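Read the structure below first, then the notes.
As the structure is a prediction and not an experimental result, all values here were calculated from the model. One is the number of the first residue; the rest follow in order along the sequence.
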Amino acid sequence: MNKKTIFEQNYKPQFSGHETFPLRYGWLEKAFEAVDVSGLNNNKIFSEDAAIAHFGVGKNMVAAIRFWAQVAGILVTDGKELSTTEFGQKLLRPEGLDPYLENASSLWKIHWDIASNPKHTATYWLFNIFNEPNFDRDTVLLRLSEFILQCGWKVPGEKTLINDINVLLANYVPSVPKRGPSEEAFNSPLIELGLIRRHSNGKYALNWGRKPSLSNGVFLYSVCDFWQRTSAANTLGVQSLLLEPGSPGRVFALEEWELIDRLATVSEMTGGMISWSETAGLKQLLRDGELPSDFAESLWYSNLSAEVGAHAA
């Protein structure tokens, strides 16, 4: 039930692996295609010389493409064998639901899988633990360094932390427009979610406004995933869903009114398996026993299927 948390004694933080490159448009699709249908040797596909020719980028960027494909849950490593995940197959095969990652629900699902997972230290920390309403890069560096010391971890070099923070912000905030060729191709698709804003004074803030592109399917997936990871009880309070690290409220930067508004219709969306209760001022979810193992997955998948079908029609 419980996934390793960031506060466990044997937790190992990760502040590198991306080779200082944020996620870019097209990388996840290219990585999936390379492993799934290219016929290249899966064990060496991202390290042999052929990989550089296949992806059309340098060695460090090839390593970054592999890193982000694994972080996003598109690829997985088992020993030396690299393979596509079921999530990647459902989404990115030519006959998949969203082979070009054009649907916001796909990106919200990827964001959830990254930012709710303690393995991805800086992203998890920023969305789930960091509480500054407005911040700049220096503030993030200072607070993250303080958190590392509080946790008793080995302190990485300052340059390593600065690079990781720069990559994290570049994943969610568009680059400043420059004269000349468009920078859009170098932006991350996660920018479309609008989760971090840049103010005119150069500072940043999490966007606690309404999330109209966050589908009910991905939201309910996150609720079920959080519930299964954190509690065996058949009740779950709204404050846990709103404030606890790894919760939908924190990862999606939801205000309480929007969270409750979404939860109020949960019974209809889950066929009564989960229901919303406000009894004697206690706001909580109730579930009708243990949920099927594939229940959370089925929610986002069926919702995305309906969205894609409606768009095609």
Side-chain angles (χ1 to χ4, degrees), residues 1-3 72-73 85-91 96-98 103-117 127-128 193 195 208-313:
M1 175 187 65
N2 288 316
K3 183 184 287 186
T85 62
E86 183 180 357
F87 171 58
Q89 292 164 16
K90 286 181 176 179
L91 208 62
L97 285 175
D98 194 11
N103 194 295
S105 290
S106 305
L107 300 178
W108 280 111
K109 170 70 164 56
I110 289 169
H111 166 69
W112 170 261
D113 289 343
I114 296 173
S116 70
N117 189 340
F127 282 97
N128 295 285
L193 304 181
L195 281 164
W208 293 93
R210 188 172 179 83
K211 306 297 185 305
S213 66
L214 174 59
S215 69
N216 287 330
V218 175
F219 172 73
L220 287 174
Y221 167 83
S222 73
V223 169
C224 295
D225 186 41
F226 174 71
W227 201 337
Q228 290 171 334
R229 284 192 281 109
T230 59
S231 175
N234 286 326
T235 60
L236 185 62
V238 69
Q239 292 304 304
S240 293
L241 286 161
L242 184 68
L243 299 174
E244 282 190 19
S247 67
R250 293 294 307 235
V251 173
F252 295 141
L254 295 175
E255 294 181 322
E256 185 171 4
W257 66 267
E258 183 174 5
L259 181 75
I260 291 175
D261 190 43
R262 287 176 177 271
L263 293 173
T265 59
V266 70
S267 179
E268 176 185 342
M269 292 184 288
T270 62
M273 297 188 72
I274 302 175
S275 57
W276 171 247
S277 172
E278 291 188 53
T279 305
L282 186 63
K283 299 175 181 178
Q284 60 184 357
L285 289 179
L286 313 174
R287 67 181 176 193
D288 187 16
E290 188 173 348
L291 299 174
S293 59
D294 62 345
F295 185 70
E297 291 285 340
S298 68
L299 290 171
W300 77 261
Y301 184 73
S302 59
N303 187 251
L304 181 56
S305 298
E307 288 183 352
V308 170
H311 181 71

If you measure from CG on Asp225 to CG on Leu220, what distance do you get to the nearest 0.5 Å?
-> 12.0 Å
Say you draw a straight line from CZ of Phe295 to OG1 of Thr270; how long is it, rounded to the nearest 0.5 Å?
-> 5.0 Å
Could you walk me through whether Leu214 and Leu254 pass the side chain to side chain contact (heavy atoms under 4.5 Å, CB included) test, one step at a time?
-> CA-CA 10 Å; Leu214 174 59; Leu254 295 175; 4.3 Å; yes
Closest approach of Leu285 and Val266, non-hydrogen atoms and distance?
-> CD2-CG1, 3.8 Å
Closest non-hydrogen atoms of Leu195 and His111, given as atom of the first, atom of the second and distance, are CD1-NE2, 3.4 Å
Name all residues meeting the salt bridge (charged side-chain N to carboxylate O under 4.0 Å, His left out) criterion together with Glu258; count only those two or more places apart in sequence or in a different chain, and write none if there are none.
-> Arg262
Over all atoms of both residues, closest heavy-atom pair of Ser105 and Asn303 = OG-OD1, 4.4 Å
Looking only at atom types and distance, does a side-chain atom of Ser231 sit under 3.5 Å from a main-chain N or O of Trp227, one as donor and one as acceptor?
-> no
Where do Leu193 and Phe252 land on the side chain to side chain contact (heavy atoms under 4.5 Å, CB included) test, with the steps shown first?
-> CA-CA 9 Å; Leu193 304 181; Phe252 295 141; over 6 Å; no
Show your reasoning for whether side chain to side chain contact (heavy atoms under 4.5 Å, CB included) applies to Glu244 and Gln239.
-> CA-CA 8 Å; Glu244 282 190 19; Gln239 292 304 304; over 6 Å; no
Flag, side chain of Lys211 to backbone of Ala253, donor-acceptor distance under 3.5 Å | yes
Return yes if some donor-acceptor pair links the side-chain N/O of Ser222 with the main-chain N/O of Pro248 below 3.5 Å, else return no.
-> no
For Asn234, does the CG atom sit with more than 12 other heavy atoms under 6.0 Å from it, leaving out its own atoms?
-> yes
Between Tyr221 and Trp300, how do the two ring planes meet: parallel, tilted or perpendicular, split at 30° and 60°?
-> perpendicular
Does the Asn128 side chain pair with the main chain of Arg250, one donor and one acceptor, at a distance under 3.5 Å?
-> no
Side-chain (Trp108) to main-chain (Ser215) donor-acceptor, under 3.5 angstrom | no
Just jot down the salt bridge (charged side-chain N to carboxylate O under 4.0 Å, His left out) partners of Glu86, sequence neighbours excluded, or say none.
-> Lys90
If you draw a 6.0 Å radius around CD in Glu255, do more than 12 non-hydrogen atoms from other residues or ligands fall strictly inside?
-> yes
Correct closest heavy-atom pair for Ser247 and Ser240 would be CB-O, 3.3 Å
Heavy-atom closest contact (Ser106 atom, Leu91 atom, distance) = OG-CD1, 3.5 Å
Heavy-atom donor-acceptor pair, Asn103 side chain to Asp98 backbone, under 3.5 Å = no
Quick one: CG on Leu242 to CH2 on Trp257, what's the gap to the nearest 0.5 Å?
-> 12.5 Å
Taking side chain as C-beta onward, heavy atoms only, is Leu259 less than 4.5 Å from Phe219?
-> yes
Between CG on residue Leu291 and CD1 on residue Ile274, distance to nearest 0.5 Å | 5.0 Å
Grab the two heavy atoms, one from Pro292 and one from Met273, that are nearest each other, plus how far apart they are.
-> CD-CE, 3.5 Å
State the CD-OG distance between Gln284 and Ser275, to the nearest 0.5 angstrom.
-> 9.0 Å
Sidechain-backbone polar pair: Arg287 side chain, Ala233 backbone, donor-acceptor under 3.5 Å = yes
Residues Leu282, Ser277; criterion side chain to side chain contact (heavy atoms under 4.5 Å, CB included); working and verdict = CA-CA 8 Å; Leu282 186 63; Ser277 172; over 6 Å; no
Atom CG in Leu263, atom CE in Met269: separation rounded to 0.5 Å?
-> 8.0 Å
Among pairs that include at least one residue of residues 260-294, which meet ring pair (Phe, Tyr, Trp, His ring centres under 6.0 Å), considering only residues two or more places apart or in two chains?
-> none
